[in-house]
Amino acid sequence: MNLGILTAIFAAYLGILIFFAYTGFKQTQSADDYLVAGRNVHPWVMALSYGAAFISTSAIIGFGGVAGMYGFSLLWLAFLNIILGVWIAFAFLGTKIRKMSAQLEVATFPSLLGSRYQSRFITVFAGMMIFVFMPAYTSIILIGGARFLQEAFLLNFNTALLILAVIVTVYVLTGGLKAVMYTDAFCASVMFLGMIALLIGTYNAVGGVVAGHRGLTALNDLVPESLTAMGHQGWTAMPQLGSPLWWTIVSTIIMGVGIGVLAQPQLAMRFMTVKENKSLYRAVMVGSVFIFFLVGTVYMVGPLSNLYFYNTQGIIAADVAQGNIDLIIPAFISSFMPEWFLYLFTLTLISAAISTLSALIHVQGTAFGRDILETMGVQMGKKGKSARLPQLGVMTGVVLAVTLAYILPGSIIARATAFWFGICAAGFLPTLVGALYWQRGTRLGAIASMVSGFSVSIFGFVFLHIAESEPFGIAMALFGRHALLPYPWTHVDPLLYALPVSAAMYIGVSLLTAPPAKEHLKRCF
């Protein structure tokens, strides 16, 4: 790419972001504007913002690389992303979240749960879980975006990291969720165009849809022996049932991320920004099409990169990337796409990073400032009316994310995403669904569910699931082994046992404790 042309395009891109951020800033007159965009966002803007916050560099680079390694089996994740992440999330959870948050006059995910169950502890605990664990997810988005800026503009990694962090921090601090959603919608448009061009270009490069899939199937003998031993049966087939690879793909990648999307705080807040349920129903189609082309494209392109590299270089994608699966998609793009697409794809990845970063940092800020500090009595301005505490949280969250970006290892993007989505599902999902649909759910039931869900999930990652327990090293230090239980527990994602425990605790404790007051339930429902 020509650095001068790329710099000019990026400058124009930043100019558009500044315009939308300034528009959001001018329209932000209250804490409600800062936190939930005034609850009057257009449904298309909400749908695009939801999709852009959902799809990040972790999906395009991280999961694209995973698909390049493991094959088309990841398309099941795209299926769940649409069915659960859009249809169920919008029509069944989103409508209830929108209505209840407005009736209880709350503007954050933790405060929605806390108000529904009349518990300051739930508000603070949920805020703490978000503020403590979300920076790990935020940091890998930051790493992905900074690495691409580093390569595209020939920058030092530290400089690229700070540039990206400063861009996002400035408009989240000043314009709140309105600025975030306006810029998200623009970023989503860029991402959509980029991924359509990538899908068409990829199939052209491998001879078309039928020829491409047949050619990829014929490469089964090239699957590395290490993957074959784990259950890999080719890039167009599911792994062997019950094998280590099958457990990894199905329990961690497909179910962990596919189910976890229902309990993502940064996505749930989007439902609070629209005026009426009709807006959410209107947004379903836009969200579905967007998710299909964004994640569906990368889960098809990743496996097909093996065929392209074999036809052109005689080796598969993992060999081209020298073992770092996070490099498969960048290497594939740069090897065959025309120069104009490289500019578009650069903006696509930057858009993916900025849109998700802004959503995560905004939620971290509100969790720290509104849900933790203000709930505990700390004030900066009139309680419930000032955005100063959330802005303090934004600054703190950025510092944590940047710090972690220097600590986390390579090839971590997909794993960190699955970790965050999994613990959110175990810790939040039963309590959230119960809050919206089961009037018998109680404060103690919600507390038991959240505490057990997070505890069991984290215990599983630290002591049982070897993909995390081995690098953590805590199990080895305490017990002299990387995992406390034998296979298949070493490859079963903690979500599969933490979520049932969390749900059982919610139902059981709720049935054993006194129901909420009818007056409060009437206000909620």
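Here the CG atom belonging to L245 is positioned 10.0 Å from the OG atom belonging to S226, to the nearest 0.5 angstrom. Summarising the geometry, atom CG belonging to L307 is positioned 13.5 Å from atom CZ belonging to R214; distances are rounded to the nearest 0.5 Å. Atoms CE and OG, from M230 and S243 in turn, are 7.5 Å apart once rounded to the nearest 0.5 Å. To the nearest 0.5 Å, atoms CE (M46) and CG (L280) are separated by 4.5 Å. Taken to the nearest 0.5 Å, the OG atom of S355 stands 9.0 Å off from the CD1 atom of I141.
The backbone N or O of F92 sits less than 3.5 Å from a side-chain atom of Y437, completing a donor-acceptor pair. A donor-acceptor pair under 3.5 Å links the side-chain atoms of S502 to the main chain of A426, judged by distance alone. For the pair S449 (side chain) and M505 (backbone), a donor-acceptor distance under 3.5 Å is absent. The backbone N or O of M134 lies less than 3.5 Å from a partner atom in the side chain of T138, making a donor-acceptor pair. Side chain of Y70 to main chain of L227: no donor-acceptor pair is present (N/O by atom type, distance under 3.5 Å, no hydrogens or angles). Of the possible polar contacts, none joining the T273 side chain to the M269 backbone as a donor-acceptor pair under 3.5 Å is found. Although no hydrogens or angles enter the test, the distance criterion places a donor-acceptor pair under 3.5 Å between the side chain of N306 and the main chain of G68. Judged by distance alone, with hydrogens and angles left aside, the side-chain atoms of Q240 form no donor-acceptor pair with the main-chain N or O of W246 at under 3.5 Å. Checking side-chain atoms of T169 against main-chain N and O of A165 turns up a donor-acceptor pair under 3.5 Å.
F10 CZ: more than 12 foreign heavy atoms inside a 6.0 Å radius. Counted within 6.0 Å of CE on M128, heavy atoms from surrounding residues, nucleotides or ligands total 12 or fewer; the atom is thus considered open. Atom OH of Y310 has 12 or fewer neighbouring heavy atoms from other residues, nucleotides or ligands inside a 6.0 Å radius.
A heavy-atom distance below 4.5 Å is found between the side chains of R270 and M181. Annotation: side chain of I354 is in contact with side chain of Y13 (closest heavy-atom distance under 4.5 Å).
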Distance-only donor-acceptor pairs under 3.5 Å for side chains of residues 484-494, two or more places apart:
unit_1 : atom_1 : unit_2 : atom_2 : d
Y487   : OH     : G242   : O      : 2.5
D493   : OD1    : T252   : OG1    : 3.0
D493   : OD2    : L495   : N      : 3.0

Please tabulate, for side-chain N and O atoms in residues 282-290, each donor-acceptor pair with protein atoms closer than 3.5 Å (sequence neighbours left out).
unit_1 : atom_1 : unit_2 : atom_2 : d
S288   : OG     : W87    : NE1    : 2.8
S288   : OG     : V284   : O      : 2.8

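For the residue pair P239 and I249, the shortest heavy atom distance occurs at CG-CD1, 3.5 Å. P265 and F428 make their closest contact through CG-CE1, 4.2 Å (heavy atoms, listed as atom of the first residue, atom of the second, distance).
For the side chain to side chain contact (heavy atoms under 4.5 Å, CB included) test with F54, the passing option among V86, I291, T356, L294 is I291; the others fail.
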For this session: Evaluate the criterion side chain to side chain contact (heavy atoms under 4.5 Å, CB included) for residue pair S305 and I328; output intermediate values, then yes/no.
Result: CA-CA 8 Å; S305 68; I328 288 177; 3.7 Å; yes

Exercise. Does the pair Y50 and F271 meet the rule for a ring pair (Phe, Tyr, Trp, His ring centres under 6.0 Å), with working shown?
Worked result: CA-CA 9 Å; Y50 180 96; F271 303 135; 5.6 Å; yes

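Ring geometry for F79 versus W76: interplanar angle over 60°, hence perpendicular rather than tilted (30 to 60°).
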